[in-house]
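In this chain, residues are counted from 1 in sequence order. Only a predicted model underlies this, so the values are computations on that prediction, with no experimental measurement involved. Note that ligands are numbered from 1 as they come in the structure, with each ligand's atoms numbered from 1 the same way.
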Amino acid sequence: MIMDGRPILFLDSGVGGIPYCRHFHQHNGGEGIIYLADRANFPYGKRSREDLIHILRSLIEKLIPPFDPKIIVVACNTATVSTISALRSFFPDLPFVGTVPAVKPAVTESKTGRVVVLGTARTIEDPYIAELAAQYGPHCTLHGIAAPELVEFIEYRYAGADEGEKRKVVLSYLEKFRAAGVDAVVLGCTHFLFLLDEFRREAAPDINIYDSVEGITRRIESLLDKDDSRLRGGNGLRHAAGSAGASPSADRANRFLVTGGTPTGGTPEPSWKFWADYLGFSLSSFGDQT
Ligand code: DGL
């Protein structure tokens, strides 16, 4: 069997893809990973589809020569609903894994028929979300709620926030949803996954919280294990079969990249060190995306 040592690339506008990357890494420690936080273009949620297609395409074009990724995980709901079809046609030889809000299980299981997708403005206005709801939950009314302030809380303040602060933020949303008779909430922005435990704890027992973290890990694993002759070597893309739990020194070969640098030029700002250490990856800045 041919082993494919190329890395898997996770992309987000900032820290939002980290819960996905971490979950995958914990179960597949033998796979090399590049995580890219495109902070130069944060937040994605306020951008147009055209803008995002341009940003993601040029970013991937710059990442391919140095890293040669074998799979690209678009660990951002906004970028996925806006760009993934275009990216698949620009890069037909690269397998992409997208993160789509978990609308299907939420509308299927909702009893009250009132479902919330909490996301960015770009995600909730995308027709794809309404189409999913109409297809799988015609009895449901889907309320798309944009929460840019929650994205900013996670991006800038979560790392230093205490439990009380996190709980307060979560409760401020749930109180409104509860009052409106909502029984299903889809966390439709990857940033919000950092608050998954808090949302689940405070939402029980009357509101169910939906996310897609495990589904994405399974999707990547199925691509790695697929015996597809179109893929290099015809033996799937695994580097090391069944390789959970790499050593810390192997982890350091994994990279945490940040675009944008700082006004002092090129050096990532201090909070990035916190996040790189959280994953156990080595930190560097990437490119000159402004
Ligand atoms: N993490 C991104 C998502 O899943 C969005 C955050 C942003 O607005 O940049 O939608």
Task: Separation of Glu163 CD from Lys168 NZ (nearest 0.5 Å) - done: 14.5 Å

Open item on the list: Determine whether the aromatic ring centres of residues His25 and Phe281 are separated by less than 6.0 angstrom.
Closed with: yes

Open item on the list: Regarding Glu221 and Asn28, do their side chains bring together a donor and an acceptor under 3.5 Å, going by distance alone?
Closed with: yes

Task: Gly45 neighbourhood, listing ligand 1 atoms whose heavy-atom distance to it stays under 4.0 Å - done: 7 (C), 8 (O), 9 (O)

Open item on the list: Which residues pass the side chain to side chain donor-acceptor pair (under 3.5 Å) test with Glu125, not counting sequence neighbours?
Closed with: Arg122

Task: Nearest protein heavy atom with distance in Å, relative to atom 7 (C) of ligand 1 - done: Tyr44 N, 3.3 Å

- [ ] Step through it carefully: locate the ring centre of Phe194, locate the ring centre of Trp275, and say whether they are under 6.0 Å apart.
- [x] yes

- [ ] Could you tell me the separation between the SG atom of Cys189 and the CG atom of Asp12, rounded to the nearest 0.5 Å?
- [x] 7.5 Å

- [ ] Any atoms of ligand 1 less than 4.0 Å from a non-hydrogen atom of Phe42? List them with their elements.
- [x] 9 (O)

- [ ] Distance to 0.1 Å, residue and atom name: give those for the protein heavy atom nearest to atom 2 (C) of ligand 1.
- [x] Cys76 SG, 3.1 Å

- [ ] Could you give me the CA-CA distance, side-chain angles and deciding distance for Val213 and Ile216, then say whether side chain to side chain contact (heavy atoms under 4.5 Å, CB included) is met?
- [x] CA-CA 5 Å; Val213 174; Ile216 296 302; over 6 Å; no

Task: Heavy atom of the protein closest to atom 1 (N) of ligand 1 (residue, atom name, distance) - done: His191 ND1, 2.7 Å

Open item on the list: Given Tyr44, which partner from the list Thr120, Thr78, Asp38 fulfils the side-chain hydrogen bond (donor to acceptor under 3.5 Å, both in side chains) test?
Closed with: Asp38

Task: Enumerated ligand 1 atoms positioned under 4.0 Å from heavy atoms of Ser13 - done: 6 (C), 7 (C), 9 (O)

Task: Distance filter under 4.0 Å to Thr120 heavy atoms, resulting ligand 1 atoms - done: 5 (C), 8 (O), 10 (O)

Task: Location of contacts on Thr78 toward ligand 1, heavy atoms closer than 4.0 Å - done: both

Task: Asp12: numbered ligand 1 atoms lying under 4.0 Å from its heavy atoms - done: 1 (N), 2 (C)

Open item on the list: Show the atoms of ligand 1 that are less than 4.0 angstrom away from any heavy atom in Val151.
Closed with: 6 (C), 7 (C)

Open item on the list: Heavy-atom pairs closer than 4.0 Å: do any link ligand 1 to the side chain of Asn77, the backbone, both, or neither?
Closed with: both

